[in-house]
Every structure is written in structure tokens, then in C-alpha cells.
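Every chain is numbered from 1 and lettered A, B, ... according to where its sequence line falls, protein lines coming before strand lines. Hydrogens, waters and symmetry mates are skipped; everything else that's a heavy atom, side chains included, is used.
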2 protein chains.
Amino acid sequence: MTPRSTGPKGKRATILDVAAASGVSRQTVTRAMNDMAGISPETRERVQRIASELGYSPSRFAKGLVQGAKVSIGLAIPDLTNPYFPAFASSVVEAATGRGWNVVVDDYGHGTGSAADAAARLAPQVDALIGYLAPHADEAQALMGRRPVVALDSPDAGTAGRISFDYHHAARLALAHLAGRGCTNVAFLDSNQGAPAGSRSAAAAAVAEEAGMQLTRFQAEPSAAAAKAAVALLAGRAEPVDGILAFNDLMAAGALKALQASGNAVPGDCAVIGMDGIPLGELLTPELTTLALDLRAVGRAAVGLLEGLLSGSLAEGGTEAHLILRHELVLRQSA
Amino acid sequence: MTPRSTGPKGKRATILDVAAASGVSRQTVTRAMNDMAGISPETRERVQRIASELGYSPSRFAKGLVQGAKVSIGLAIPDLTNPYFPAFASSVVEAATGRGWNVVVDDYGHGTGSAADAAARLAPQVDALIGYLAPHADEAQALMGRRPVVALDSPDAGTAGRISFDYHHAARLALAHLAGRGCTNVAFLDSNQGAPAGSRSAAAAAVAEEAGMQLTRFQAEPSAAAAKAAVALLAGRAEPVDGILAFNDLMAAGALKALQASGNAVPGDCAVIGMDGIPLGELLTPELTTLALDLRAVGRAAVGLLEGLLSGSLAEGGTEAHLILRHELVLRQSA
DNA sequence: CGCATCCGCGTGAACGTTCACGCAACCCAG
DNA sequence: CTGGGTTGCGTGAACGTTCACGCGGATGCG
């Protein structure tokens, strides 16, 4: 009665076990499992049944070794908890799935990890890498060897592919709008982490100077709670700001909260503009004006770039494949 | 001068190529690449340099075939765009990374995909599966054969492991609170998709009947926008509801928006309670009262369950490993 | 009846790595 | 000068699968 259980213990069943139990050869089992031609329906069915009874499932390693095909890509992101990244990851997964690729996700934000750690974990497992890798993009490319890497928002080159964002353009849109509203004392609420932090605020500073606007910069961790605390401090200061441009929408949301808590009307007393355009913005009160990115386009672009690099049609001559995307100002209520 | 580029074209460099170019044997290359003992420092360095020049990276298939070790798990979720799922996924990834496992994510919400499709894509690639698989959990387990599957929020059994939620408990908490506030005409804003939909509203209905409360149910797609539209219709009806319990926080957020747009005060005219406790709730105005789950605990539990199943210490006798988690009422402003 | 064809199935070989050995050269103590 | 240990490296075997053949028997047609 005991079904000769090749349970979780003991070696897994192999194709030879199935062949022996069915009284056929390896190749016939292969034909049965993969629905190939050259096998009678009865044999096929019998082999499939026996395979199922034995709990047989083919080794992906052996299969991969001999076929060599299947592509799997690594996706390294700093924090799935920040709504921006799942929005991006979602489109990457969609684009990859559409190509028959699969996606191994690594979130290096937990603990004290860095992008380099994620790349080190991913490198032995994948054929290509996409990720927010700054400031360790070059290290990641080294770990991946000849396999293509697409780095997003990474100021340093060193990867086969790169996608960056035109922060000067974004800053111009936002600051022009704030100026048009009559804001004279604008603050940039910057992140204090990651390499991209600097580039956003630097662009804003450059644009502000060019336009003769005053722009003060202050920093906080890139979370809503930290931004809220930071803005709460700011709101108590002597000369109040009348406009805030935030590093991202999450920080903008925190700013909104803090301003309301301290009795400031938004946008009446202080206008707020976020960045990246995550769906969250529409649910806030007031709804968040933001520099929106077409988030699904970002993921599509990254996977498309990777496809070009994998097929060798891009960057054969050592030229780096580089895409620059632009934000768009979406006017809602907060500014 | 041209570095005999074994570019993206042509076969990848193998360990034998490196061995030949270095004038040593396979095994010595292995020793050099894996930092093993039994090799002189000079040889190690030379081999590593040559390997790097050749763009050599070891085949994960061959390695996996011979070592058999590395665990990779599949994570099947319906929609990365719904903030609940990344919150959950984040903790799964964290727990898996901590064990040295890697996570292959599949989002089956795009297109018209079902959980069964995701399982079919994932099955050949992973050693175990975690996911929101209802109503196709049994199908997923069949595809995985003897390899363990942990299904979340799946009413049907059929998987080796299962994590469910005590919706009766949740409903009691919420409805008691609403009753205490004096609500007499409460609505359950249900999702119209997925198998879990039914179980939440059914539990609420049972609890309401038990308590002699009136509870009407209406449905919408489980997104903020759809919920907003549905509640907008509801708000225009003759006898107004004075309390809403939503399928999830996202739908609750939409309800908030709709109520405010139609001039209803929350919680004054109508109280709103969400479900699952995603971070978003704290950013809304008014802040969302919700039936919160310890989201990180859910992921930890799923991975822990999987670990037990993989090691064989659980469910050896055919008994299914089943965990039931409870929601907790977090009072904020909306109810 | 003879020949070609097809159907159903089996047998080496190969994929790229690591593991378990084996082996020569060298060092050092007795 | 001899024996035993160490150091540095190489050689078969194995992991589990698919690919490219090969082969006997039945069936078709002239």
C-alpha cells in the first residue's frame, strides 16, 4: 500500500527512472514529456502517467545545458517598498514575459546592502542585468563580464546600456510653472541617499540660477515619513517657502502632510510638485502635481535596449547604447 | 591589435578555452575561479586575468547540474501595480535572499493571464512556488509535481502549503467598530475579480447577519479608479450608506475620493475602513482606518513554510501545512 | 513479390562544470 | 640517503537532458 514514496528525501526521480518504470528508453520519455512526434498516443499517455506518479520533473539545469536557449534577466532595485520601483518593475516583467524571458528580482534595500551586493548575487544566475545600479554600475558590469547590463539613472558610464533622465528639462518645466504661479522662495526637497540624488537637485540648482530664481536645498531620507518630518521643521522657520519641488512623489506626499499639519494651505500658501508620476499622486488630497514619467515606457525601453544588446545588433563597436527620457509636467491640484 | 573578440556572436567561452589559453587544466581554472586551495597565487591571478579577458563566465546550468544545490523560488502575483503585492513581495524577497535563495517574479495581471499561466511559466524554472494562485492553486501544484507550493488566500486546498486569513475575525473587528460609531447602513465594497473576492464579503455577510446588522454588497474592479466610480454612483442613491468596508485599501482610497467629491464628509457622513494595511493609507486625507496585516510577517511566513516543506520536516504524512493569519484594526481618521 | 516508405522506438554523443582521485616534485627530519 | 608529508596540478567520471542518427517491422504501391 505504501506507494514506494520517492518522497522529498532521496534523489529526485530522473528521466532514466521513468524510462525504466515504463519499459521504454530515455528518448521516448523525452518525446512523451515534450509532446514531440514519433510516439504512439498510448505510450505517450502511459509514460506521462508514470512520470506523474513518480513525481518526475525535468532538471532545468540539464535542459538548459543542452539547449542553451532560455534567457533570464536580473532586476536589481533598491526598494520594492517605494511605489516607484514596483511600477517600473511591473513593466519590465511584462516586457520580459512577452519575450519568453523570466525575471529574477533582487531588492537590495533591506539591511545595509548596496547595488554591488545585488549584482553579485544576481550575476551567477542570469544572462543579463537591468537595474538602478548607481553608484556601482561599473562594478556590476565587471561582475557580469561580457553579458549586457542596462543601468538606469546612473551618471557614470561603464555599462553596455544606459537609460537616463533629462533632469534639466524636468527642472525647467517645474520651476517655470512655480515662477508663473508667483513663487519666489522655492525649496528642493532632496534625497540624501543614492547617487541619483545629486543629479536631480544639481539640475534644479542650475536651472534656478539660469532663471535668476532662489532655490534652497534640504535633504531627508527618500520616504514619506522622513520628508514629512523634514518639512515640518522647515515650515516653522522664519521666512516661509512658497513652493516645494520634491525628489520624488513619495517625498512630496510627506511634504503635503507636513504642510497641512502645520496649517499651511496647499497650494495656497505653498505649492508642491512631485517627481516621477506614480499612481499614488492621484489619491492624495490635494491631488499631486508632478513631473511624470511614462513608467511603463521606462521598463519597455530597458528591456528593448537589453534585447538589442543581447542580439548583438547594438553597441558592437564599443559605443554605449544610451537612451534619455523626459519628464512631463502633469498639472493637478497641488501646484 | 583587435582582441580576437569572442564577441556577443560565436559560442561563449568555456572553461576549456580558459584552460587552453592559460596553459593549465580545467580543474586549475575551477580552483582559480572559485578561490579554492591547492593553487599558487601567481597561477590563480594569471588564470583570473585571462578568464576576464576572454569574457568567461561559468555556465549556471553546468554548475547547477553537478552541484545540485541552489534554490530558486517562483513568486506568482496578480498585479505589481497594486501596492499590496509589492509590499508582500518585498518581504518574500528579503526572506529568500537571507537564505541564499533567489526569486523569480511573475506578474500575471497583464494581458488576460491567469495564475495558471504564471505557474506554467514558472514551473520549469524553479524549485518551489509561492503565490496568490486562487482559483488555480491545484493546477499549479500539478504543474510543480512533488515540488512544494505555498498558496496564499486560496480557499481550495490542493497545495502542499497554505496561508489564509481569518476574514471572520477581520469582519467582526470592523463591523463592531462601525456599529459602535452608530452606523446602521453599511456597505461592503467588494472586488469583482479573483477567488478571494467571495471569501471576504461572505465572511462580512455572515458576521453582519450574526450581529443583526444590515450589510449591502456592491462590486467593482479592485482598483482605486473603479472603486471611485462605483462609490460615486452609490453616493447618489436614495438611502445613503453611513459606513463602507472595502475589499482592500486601494478600493477604500477610491471610496474616499468619491465621497469627498460628492460632498460627503468622512467619517462624518460616512465612515470608511480599508483592508490589508498598506503604507498608502497613512498618506491619504483623512488617513485611512484599516484592517491591517503585518505585511512583512506574511512574506516571512510564506518563505518559512516553504523552507519546512523543502527540508521535508513538514507535511511528510500528507497533512497539509496551513497557517492562518489575522488582521488587526488600526484606527486612524476615516472611521 | 520486391522495393520504398513511414512509424515507433532505441543508442551514442554532447552540453560545461565539479568531485574524487592520482601523481610528480619538492622539502625536511631522521 | 631515505621515508613521509606537502604543494601544485592533471585525469576520468558523473550530473540529466536533448540532438542526430540508426534500425527493425509494418504498410503501401507497382
Side chain of [X] only, heavy atoms from C-beta on: which candidate in [options] is closest?
X        : options                   : answer
Thr28(A) : dT17(D), dG10(C), dT18(C) : dG10(C)
Ser25(B) : dC9(C), dG10(D), dC9(D)   : dG10(D)
Leu65(A) : dC15(C), dG10(D), dG10(C) : dC15(C)

Rounded distance in Å - [atom1] ([X]) to [atom2] ([N]):
X        : N       : atom1 : atom2 : answer
Arg60(A) : dG16(D) : CZ    : P     : 13 Å
Asp35(A) : dT18(D) : CG    : P     : 12 Å
Leu16(B) : dT11(D) : CG    : C1'   : 13 Å
Ile15(B) : dG16(C) : CD1   : P     : 11 Å
Phe61(B) : dG16(D) : CZ    : C1'   : 13 Å

Should [X] be listed as having a side-chain N or O under 4.0 Å from OP1 or OP2 of [N]?
X        : N       : result
Ser59(B) : dC15(C) : no
Lys63(B) : dG16(C) : no
Thr14(B) : dT17(C) : yes
Ser40(B) : dT7(D)  : no

message: As a quick check of understanding, evaluate side chain to side chain contact (heavy atoms under 4.5 Å, CB included) for Thr30(B) and Met36(B), giving each step before the final call.
response: CA-CA 8 Å; Thr30(B) 295; Met36(B) 302 171 62; 4.0 Å; yes
statement: As a check of understanding: the bend across the helix from dC1(C)-dG30(D) to dG30(C)-dC1(D), end axes from five pairs, rounded to 10 degrees, works out to 40°
task: For Arg60(B) and Asp127(A), run salt bridge (Lys or Arg N to Asp or Glu O under 4.0 Å): C-alpha distance rounded to whole Å, both residues' side-chain angles, the deciding distance at 0.1 Å, then the answer.
output: CA-CA 10 Å; Arg60(B) 67 174 179 281; Asp127(A) 304 310; 2.8 Å; yes
Pairwise N/O distances under 3.5 Å, protein to nucleotides 19-23 of chain C:
unit_1  : atom_1 : unit_2   : atom_2 : d
dC19(C) : N4     : Gln27(B) : OE1    : 3.0

task: In sequence, state the C-alpha distance, the side-chain angles, and the governing distance for Arg296(B) and Thr81(A), and then conclude on side chain to side chain contact (heavy atoms under 4.5 Å, CB included).
output: CA-CA 11 Å; Arg296(B) 306 210 72 79; Thr81(A) 276; 4.0 Å; yes
Donor-acceptor contacts under 3.5 Å from residues 45-58 of chain B side chains, at least two apart:
unit_1   : atom_1 : unit_2   : atom_2 : d
Arg46(B) : NH1    : Ser22(B) : O      : 2.7
Gln48(B) : NE2    : Ala32(B) : O      : 2.9
Arg49(B) : NH1    : Glu53(B) : OE2    : 3.4

field: side chain to side chain contact (heavy atoms under 4.5 Å, CB included) between Phe88(A) and Val298(A), intermediate numbers included
entry: CA-CA 7 Å; Phe88(A) 162 66; Val298(A) 179; 3.8 Å; yes
Could you check if a side-chain atom of [X] sits within less than 4.5 angstrom of a side-chain atom of [Y], using non-hydrogen atoms only?
X         : Y         : value
Asp106(B) : Asn102(A) : no
Trp101(A) : Val303(A) : yes
Arg31(B)  : Val24(B)  : no

- request: Would you please test Val92(B) and Ile73(B) for side chain to side chain contact (heavy atoms under 4.5 Å, CB included) and show each step?
  value: CA-CA 10 Å; Val92(B) 169; Ile73(B) 71 178; 4.3 Å; yes
